[in-house]
Structures are given as C-alpha cells and as structure tokens.
Amino acid sequence: MATTNKTGAIGPVPFMNDGSAALGVPLAGLTGDDPKLWVRFYQGTWVLATFVPAIASIQQSFRPRGGDVVIASIPKSGTTWLKALAFATMARGVYPPDTAAEHPLLRLNPHQCVTNLERLYSAGQESMIEALPSPRLLSTHMHHSILPSSISKNPDCKIVYICREPKDMVVSLWHFCRRGKPDVSFSDLFEAVCQGTSVSGPFWDHVHGYWNASKANPEAVLFLRYEDMLRDPAGNVRKLARFVGQPFSPAEEEAGVVAQIVRLCSLDNLKNLEVNKPSSASQPFANDWFFRKGEAGDWVNHMTPDMARRLDAIVEEKLSGSGLSFA
Ligand code: PAP
C-alpha cells in the first residue's frame, strides 16, 4: 500500500496507471480492493485517486463563460435534488415544468442533465462542455480551495453550494456505499468521516470554504442547506432563481410555476420514474442509488449517542467562530 508522509500526502505515483496500490489508498472497509474507488490526498483534500489528473486539468484549463452556474457540494448533501431544481428553474423557458411528458427530467436522471466536471474530465470528454450552449449548468465536488481561480474569483461564474447536517450526510453516504458493497461497515465509514479522509473530506473544510466564499461574495456564491430546502422548497427555488438572474415573473407566480418545479423535482416524483427505477443500471452508479428517504434526522436510526456526540463535537470545534452551525 502507498505510504503517507507527515502531511498525509501520498506520492509520487507511477506515471502508468496499472491499477496498483500506489495510486491511492482504500478507504478503510469502504472501497475494498477496487483501486478505482480509492482516495488520494490532493492539495489538502481527499479526492478519488482516479480524479486527480482530471482535477489538475480542470485547474489548468477550464475556462468558464459568463453565465455559467456551478453546483458544488460534498457527496450526499442534496446534490441530485439541487441539480434537478436548478436545471428545471434555469431551463424553464425551453422546458416548461408543466409540459410533463416532454421534460428532460422525466427521461433522464438529474446527473445526466447536469454533468460533474471531475467525472467528465477524467473520461476525457471535456470537449462536451465546450459544445454546450450558454448558460451552462455544471457541478463539482471539489473544495473551494482547489477550484481554479477562473471559477472561484470570477463574478460571472456563479456557484450554488448545498450542505447537509453532517450526521445525516454520513448515514446517506453509508447507504449509498452499501449499494455497491453490501458489507461496508458503518463504523469504518464513520471513522473515515471523523478523520476527514472520506471522499471530498475533510467535510468541515469543504463546508467552511464555501461558507466563507459566500459570506465574502454573496452575489457569486449562494449557500443553501438541505434541511432548509425540505422545510421550504418553494422559497429556496425562488432564491435560486433570483441568484442565477432568472427571477420568477408575476405571471409565472400566478401560473404556479414554482410549485410545478418543486413537484417535478420532488423525491417521490423522481424516484418513481422509469429512468430512476432499480433496473436502469448506468455507470459507475445506478440511477436509483441517488434516491432513498430524503429526510432530516435519519441518523438516529444508525448512530449511537456516543458517535453523534463525537461528530457534533468535531463540527462544533472545526466550525467555531465561523458563524455556521448545524445545531
Ligand atoms: P450525490 O452527491 O452522490 O449526488 P446526493 O444527491 O447529494 O448524492 O445525496 C443523496 C441524498 O439526497 C439521499 O438522501 P438519503 O440517503 O438521506 O435519503 C437522497 O434520498 C436525497 N435526495 C435525492 N433526490 C432528492 C429529492 N428530489 N428530494 C429530496 N432529497 C433527495
């Protein structure tokens, strides 16, 4: 197995990717023998080892266009939902949310409507992004600290970030991982999250980075919370629409467009579509894996009180003084 140095960095790695252990390290009990799912420490963040060249390439060569919107999140924080809502909101001129049968979200998974930059670059398909007409809607799981400055310092490229209560995020991640590896241990995954070494970790730095960016520049970074969206989906869709420069007109309000978008993107609606049913396998994850309960507070069914206290304490310590809390 690859060794880590004092800073936790791994490397150098062989130029040829022969699938050997030197490419990264497995997440304890989580990703097993498959090097495709191993993680590497890259510029202070833990990322999928196979994404490192893609991230380096994004940093060097991604050129945003004015009007681009990038959805950013740590996995299992509400990415799928936000992708659906943002797509339905921004594309409503072309695809009105009431023309039910024709809407792309009824035949495609939200991840097929809004691509992930790291995944696309790692597949060598970055030219597909260039081919997209503006305004483009893209996504990333990268930390704010490793975004290219062409995104992070560009007021014409907006970022919509979503975060989720960390205990629920861990539980959701565990359920997701179990779909691929049924024997994955909850305590191993929990430990990795607490150590900051799970995918896109440390999670506190991820959330903190976007929180600070949003406070410094609220016109460029919108900070959303999954729990707020559950409480008030319509209010958050309006906020999102204003942020991307497409507020709902009085006529749209009158026609109930906001409610149509909320309904179209609801968990019940998306989960029961043919495209998102368990049989519709797609790589590397099947579409149905992205839909489960969609509730706040499910952690109580999986975590011991000691685990909950430990994670709460980590969050409190790491975010102390930031003005952000999950209490
Ligand atoms: P990703 O980062 O890999 O895309 P992401 O979408 O962030 O995953 O997380 C999946 C969670 O969002 C699941 O939560 P759960 O495990 O606690 O149930 C999933 O159910 C929830 N989710 C997916 N789509 C929706 C939706 N339309 N409305 C509400 N929650 C949703």
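For the pair W81 and L267, the minimum side-chain heavy-atom distance is 4.5 Å or more. The closest side-chain heavy-atom distance from I74 to R164 is not below 4.5 Å. At a threshold of 4.5 Å between non-hydrogen side-chain atoms, the residues H103 and L264 count as touching. L105 places a side-chain heavy atom less than 4.5 Å from the side chain of P110. Here the side chains of L311 and C194 are in contact, with some heavy-atom distance below 4.5 Å. The shortest side-chain heavy-atom distance between T80 and H111 falls under the 4.5 Å cut-off. Between W204 and P166 there is no side-chain heavy-atom pair separated by less than 4.5 Å. Residues D156 and P64 have side chains not in contact (no heavy-atom distance under 4.5 Å, counting atoms from C-beta outward).
Enclosure of atom CD in E130 by more than 12 non-hydrogen atoms of other residues, nucleotides or ligands within 6.0 angstrom is indicated.
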>> Show, in sequence, the C-alpha distance, side-chain angles and deciding distance for I261 and F248, and conclude whether the side-chain contact (heavy atoms from CB on, under 4.5 Å) test is met.
In response: CA-CA 12 Å; I261 289 174; F248 294 97; 3.8 Å; yes
>> Determine whether R136 and D68 satisfy the following criterion, side-chain contact (heavy atoms from CB on, under 4.5 Å), listing intermediate values before the conclusion.
In response: CA-CA 5 Å; R136 299 179 301 184; D68 280 354; 2.7 Å; yes
>> If you apply the rule side-chain contact (heavy atoms from CB on, under 4.5 Å), what do you find for L137 with V244, and how did you get there?
In response: CA-CA 10 Å; L137 185 54; V244 298; over 6 Å; no
>> Set out, in order, the CA-CA distance, both residues' side-chain angles and the distance that settles side-chain contact (heavy atoms from CB on, under 4.5 Å) for M142 and I58, then state yes or no.
In response: CA-CA 10 Å; M142 290 161 71; I58 292 167; 4.3 Å; yes
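For the atom pair CG (D288) and CG (L273), the distance works out to 12.5 Å, reported to the nearest 0.5 Å. The CE atom of M169 sits 14.0 Å away from atom CZ of F176, with the distance rounded to the nearest 0.5 Å. If you take CD on E219 and OG on S214, they are separated by 10.0 Å, rounding to the nearest 0.5 Å. To the nearest 0.5 Å, atom NE2 of residue H141 and atom CD1 of residue I71 are 10.5 Å apart. The CZ atom of R178 lies 10.0 Å from the CG atom of D183; values are rounded to the nearest 0.5 Å. The distance from atom NZ of K167 to atom CH2 of W299, rounded to the nearest 0.5 Å, is 5.0 Å.
Among residue pairs with one or both ends in residues 190-201, those qualifying as salt bridge (Lys or Arg N to Asp or Glu O under 4.0 Å) are E191-R310; sequence neighbours excluded. Residue pairs meeting the salt bridge (Lys or Arg N to Asp or Glu O under 4.0 Å) criterion with at least one member in residues 69-92, sequence neighbours excluded: R92-E252.
Here the closest non-hydrogen pair linking S61 and Y121 is OG-CE2, 4.0 Å. What you find for V170 and L189 is that their closest heavy atoms are O-CD2, 3.9 Å. Summarising the geometry of V39 relative to T197, their closest heavy-atom pair is CG2-O, 4.0 Å, with the distance given to 0.1 Å. Between A255 and Q260, the shortest heavy-atom distance links the atoms O-NE2, 3.5 Å. Residues L117 and I129 share a closest heavy-atom pair of CD2-CD1, 3.3 Å. For the pair Y42 and Q59, the tightest heavy-atom approach, listed with the atom from each and the gap, is OH-OE1, 2.8 Å.
Between the S73 side chain and the I162 main chain, no donor and acceptor come within less than 3.5 Å of each other. Of the possible donor and acceptor atoms, none in the side chain of E102 sits under 3.5 Å from a partner among the backbone N and O of Y95. Between the side chain of S139 and the main chain of T115, a donor-acceptor pair closer than 3.5 Å is present. Formation of a donor-acceptor pair under 3.5 Å by the E165 side chain with backbone atoms of E227 is not found in this model. Looking only at distances, a side-chain donor or acceptor of S122 sits under 3.5 Å from a matching main-chain atom of R119. Panel note: side chain S150, backbone F62; a donor-acceptor pair is recorded below 3.5 Å. A donor-acceptor pair under 3.5 Å is formed between the side chain of W174 and the backbone N or O of V184. T89 places a side-chain N or O within 3.5 Å of a backbone atom of L85 that can act as its donor or acceptor partner.
Using the six-membered ring where Trp is involved, F186 and H302 have ring planes that are tilted, between 30° and 60° apart.
Every residue meeting the side chain to side chain donor-acceptor pair (under 3.5 Å) condition with E118, not counting sequence neighbours, appears here in chain and number order: T140. The side chain to side chain donor-acceptor pair (under 3.5 Å) test applied to K158 returns no partner, not counting sequence neighbours. The salt bridge (charged side-chain N to carboxylate O under 4.0 Å, His left out) check on R309 picks up D306, with sequence neighbours excluded. Partners of D298 according to the salt bridge (charged side-chain N to carboxylate O under 4.0 Å, His left out) rule, which considers only residues two or more places apart in sequence or in another chain, are R292, K293. Scanning for side chain to side chain contact (heavy atoms under 4.5 Å, CB included) contacts around S149 gives S152, K153, with sequence neighbours left out. Applying the side chain to side chain donor-acceptor pair (under 3.5 Å) test to D168 and every residue at least two apart in sequence or in another chain returns nothing. With sequence neighbours left out, R63 forms a side chain to side chain donor-acceptor pair (under 3.5 Å) with no residue at all. Scored by the ring pair (Phe, Tyr, Trp, His ring centres under 6.0 Å) test, H206 finds H143, Y161, Y210 as partners (sequence neighbours excluded).
L108 and L120 are members of different hydrophobic clusters when ILVMFWY side chains are connected at heavy-atom separations under 4.5 Å.
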Distance-only check: which donor-acceptor pairs under 3.5 Å involve side-chain atoms of residues 314-322, not counting sequence neighbours?
unit_1, atom_1, unit_2, atom_2, d
S322, OG, L319, O, 2.6
S322, OG, L324, N, 3.0

Table please: side-chain donor-acceptor pairs of residues 229-240 below 3.5 Å, with sequence neighbours left out.
unit_1, atom_1, unit_2, atom_2, d
R231, NH2, D228, OD1, 2.6
D232, OD1, G235, N, 2.9
N236, ND2, D228, O, 3.3
N236, ND2, D232, O, 2.9
R238, NE, E253, OE1, 3.4
R238, NE, E253, OE2, 2.8
R238, NH2, E253, OE1, 3.1

